[in-house]
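Below is one structure, written out as structure tokens; comments come after it.
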Amino acid sequence: MQNQELKIYNTLTKKNEKFEPLHAPFVGMYVCGPTVYSNAHLGNCRTFVSFDIVFRYLLHCGYKVRYVRNITDAGHLENDADVGEDKIGKKAKLEQLEPMEIVQRYTVDFHNVLQLFNTLPPSIEPTATGHIIEQIEMTKTIIKNGYGYELDGTVYFDVEKFSKEYPYTQLSGRNLEELLNNTRDLGGQNEKKGRLDFALWIKAKPEHIMHWPSPWGEGFPGWHIECSAMSSKYLGSEFDIHGGGMDLIPTHHTNEIAQNIACHHKAPARYWIHTNMLTVNGQKMSKSLGNSFLPHELFTGNHSLLERGYSPMTVRFFMLQAHYRSTLDFSNEALQAAEKGFVRLMNAMKLIGDLKTSNVSTFNIQQLTSNMYAALNDDFNTPIALAHLFDAVRIINSVNDGKETITQEDKNILQKLMNDFVFDIFGLKEENTQNSNKIDGLMELIFDIRNQAKANKDFRTSDGIRDSLKSIGFEIKDGKEGTSYTMNN
RNA sequence: GGUCUCGUGGCCGAGUGGCUAGGCUGAGCUCUGCAAAAGCUCCUACAGCAGUUCGAAUCUGCUCGAGACCUCCA
């Protein structure tokens with residue numbers, strides 16, 4: 001990290017803090033993963049791309065990172081009022097599928113999508129259903145320590161008791177009294193002792209598909225216990241970084257911290273990193289608002305909000321142009337701008353190796369290097385780093401035009417620097433399949449030539465073009481409205 | 001309703017007291033057979049009002065606007 005300190009904005013303290021791992025060079029990082037009951041949408045992807053940058057940069061800095069990201073394949077109720085059916089089970093019955101069939105389908109989809117975005121796989125990707133025993137054990141300990149109580153097969157966390165001893169709302173910054181007074185009346189849930197109490201274990205009703213035996217009867221784990229159980233298991237009761245989307249702060253992460261303290265007498269993570277939301281026309285992209293797109297729709301352009309498709313790397317570049325703690329607003333114009341910028345960056349990357357060298361450099365490579373690291377060391381400020389990357393692009397192009405010069409030594413440094421940042425840290429890569437709309441233009445051109453041949457009654461040429469195209473997988477059709485084509489895969 | 005955050009030029013988006021953000025777009029120039037690419041130059045900013053200060057996009061207050069959370073959500 002170029003002898004500079006890495007600073008991370010810590011949601012817990014609301015400050016930029018110097019990053020000091022508990023057991024350097026090892027770093028433990030836990031990120032809340034997806035609930036696999038439907039396809040991951042673009043907003044979900046932003047979070048995982050953001051943490052991919054964190055992961056990659058820590059690796060680049062020489063840390064040995066264990067990155068744990070869970071798959072939520074059980075638990076998570078529909079809502080507080082309906083202590084009944086969990087989401088996985090509900091969707092399964094709807095579609096007449098086995099719950100694990102749903103889980104499998106969307107887990108595979110999630111992995112495919114993240115691979116398209118070129119994110120590195122986490123070190124461990126544990127599932128909630130694979131850690132029922134750990135969750136039960138943790139619940140037992142919380143009860144034993146006096147912070148949990150059972151009522152008719154359901155175990156609740158005693159928030160009011162906990163909050164008398166620990167700062168329950170530290171992460172969210174909420175005022176506890178106000179929370180107690182303003183929590184909506186959710187009805188039908190009067191058996192809890194306190195309004196803020198949340199479930200650690202939930203009694204299964206007869207219609208539930210997914211349930212497991214426990215000391216409190218058949219049931220399933222509550223909404224927050226899985227992350228506490230799995231982070232403790234793989235990273236220890238205290239580890240370095242915990243992350244997730246900002247929307248997890250007030251409930252999920254707040255309760256996770258409470259569970260860990262109630263069980264281990266320690267807060268789980270030292271640094272809490274939260275990513276902001278992706279918005280569409282200023283509104284959060286979410287499934288419930290119906291303004292989300294699936295990555296697949298984005299890549300193909302097959303969505304009412306999209307003028308055309310954009311490649312995964314264009315989208316990744318687009319995400320890197322904003323800081324992870326800012327909202328990022330989606331628009332066709334912004335995507336198109338990102339596409340051009342990305343192409344410009346990649347074109348410069350291709351030029352570096354062939355640059356002619358001279359006796360002197362007309363620019364300061366040390367300054368450039370230090371600028372880039374300074375940006376990332378300042379809470380992973382990718383847009384600033386990107387700005388400096390474009391300083392380098394200008395230099396590369398100028399040297400290529402003979403307007404500036406570079407020494408062999410500087411060229412080597414620059415090449416490594418650019419490779420490190422563009423490929424290793426930013427995780428961008430060359431794409432040669434961003435051509436589907438270019439093929440359209442190409443085909444238009446070919447059709448013009450062919451139509452001219454046809455007009456000249458040169459059918460040998462026109463048929464030859466048609467046959468040649470067919471042999472490489474393009475079937476062309478002469479219709480009344482002109483010529484069209486289909487592409488075979 | 002409560003809590004919090006934000007409001008930057010045509011678009012996206014950095015920047016938090018004085019010093020160029022950057023990308024895309026538009027105009028002009030250089031280069032070029034033409035075009036493209038590339039380079040250079042330029043245009044449109046800090047929601048509004050008031051205050052603090054030698055000096056504010058940056059701090060304070062108010063007004064207007066937008067969003068998030070409070071309920072599963074990345």
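Quick caveat, the model's predicted, so the values are computed rather than measured. In the text below, chain A, chain B and the rest are named by the order of the sequence lines, each starting its count at 1.
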Nearest-nucleotide wise, let me know which of A/S326 and A/Q336 is further upstream toward the 5' end of RNA chain B.
A/S326

For A/G282 and for A/R46, locate the closest nucleotide of RNA chain B by heavy-atom distance; then report the residue assigned to the nucleotide nearer the 5' terminus.
A/G282

With rounding to the closest Å, how many angstrom separate the [atom1] atoms on [N] and [M]?
{"N": "B/U20", "M": "B/G9", "atom1": "C1'", "answer": "15 Å"}
{"N": "B/G22", "M": "B/G13", "atom1": "C1'", "answer": "8 Å"}
{"N": "B/G17", "M": "B/G23", "atom1": "P", "answer": "25 Å"}
{"N": "B/A56", "M": "B/G48", "atom1": "P", "answer": "15 Å"}
{"N": "B/A21", "M": "B/A35", "atom1": "C1'", "answer": "32 Å"}
{"N": "B/A57", "M": "B/C40", "atom1": "C1'", "answer": "29 Å"}
{"N": "B/A37", "M": "B/U53", "atom1": "C1'", "answer": "49 Å"}
{"N": "B/A47", "M": "B/U5", "atom1": "C1'", "answer": "16 Å"}

Any Lys/Arg nitrogen of A/E431 or A/R316 sitting under 4.0 Å from an Asp/Glu carboxylate oxygen of the other?
no

Are the charged groups of A/R105 and A/D109 less than 4.0 angstrom apart, N to O?
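No, no charged N to carboxylate O under 4.0 Å.
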
Please determine, for the side chain of [X], which listed nucleotide ([options]) has the closest atom?
{"X": "A/L289", "options": "B/C24, B/A68, B/A74", "result": "B/A68"}
{"X": "A/K284", "options": "B/A21, B/A68, B/G39", "result": "B/A68"}
{"X": "A/W223", "options": "B/C11, B/A38, B/C72", "result": "B/C72"}
{"X": "A/P383", "options": "B/G39, B/A74, B/G13", "result": "B/G13"}
{"X": "A/N397", "options": "B/A74, B/A38, B/C11", "result": "B/A38"}
{"X": "A/T251", "options": "B/A74, B/A38, B/C70", "result": "B/C70"}
{"X": "A/S331", "options": "B/A14, B/A38, B/C11", "result": "B/C11"}
{"X": "A/I384", "options": "B/A74, B/A21, B/G13", "result": "B/A21"}
{"X": "A/S286", "options": "B/G39, B/C73, B/C12", "result": "B/C73"}
{"X": "A/D247", "options": "B/A21, B/C40, B/A74", "result": "B/A74"}

Please evaluate the base of B/C69 for a donor-acceptor partner in the side chain of A/R174 within a cut-off of under 3.5 Å?
yes

More than 12 heavy atoms of other groups within 6.0 Å of A/H296 NE2
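Not buried by this count: 12 neighbours or fewer within 6.0 Å.
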
Count the heavy atoms belonging to other residues, nucleotides or ligands that lie under 6.0 Å from CZ of A/R325, then report whether that count exceeds 12.
yes

Sugar-phosphate only, base, or nothing, as touched by [X] at under 4.0 Å among non-hydrogen atoms:
{"X": "A/P250", "result": "sugar-phosphate"}
{"X": "A/D329", "result": "sugar-phosphate"}
{"X": "A/H274", "result": "nothing"}
{"X": "A/A334", "result": "sugar-phosphate"}
{"X": "A/N381", "result": "sugar-phosphate"}
{"X": "A/G244", "result": "sugar-phosphate"}
{"X": "A/L345", "result": "nothing"}

Distance check needed: B/A21 P versus A/D378 CG, whole Å only.
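About 18 Å, once rounded to whole Å.
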
Write down the partner of [N] under the Watson-Crick or G-U wobble criteria, each distance required to be under 3.5 Å.
{"N": "B/G33", "result": "none"}
{"N": "B/G1", "result": "B/C70"}
{"N": "B/C40", "result": "B/G28"}
{"N": "B/G17", "result": "none"}
{"N": "B/C6", "result": "B/G65"}

Taking OP1 and OP2 of [N], is either one under 4.0 Å from a side-chain nitrogen or oxygen of [X]?
{"X": "A/K340", "N": "B/G23", "value": "no"}
{"X": "A/R69", "N": "B/A74", "value": "no"}
{"X": "A/T327", "N": "B/A68", "value": "no"}
{"X": "A/R344", "N": "B/G39", "value": "yes"}

Are A/F48 and A/F110 near enough that their ring centres are under 6.0 Å apart?
yes

In short, A/E256 meets A/C32 closest at the heavy-atom pair OE1-SG, 4.1 Å

Kindly indicate whether the side chain of A/N118, heavy atoms from C-beta on, has any atom under 4.5 Å from the side chain of A/F423.
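No, their side chains stay 4.5 Å or more apart.
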
What class does the angle between the rings of A/W223 and A/F198 fall in, given that below 30° is parallel, 30 to 60° is tilted and above 60° is perpendicular?
tilted

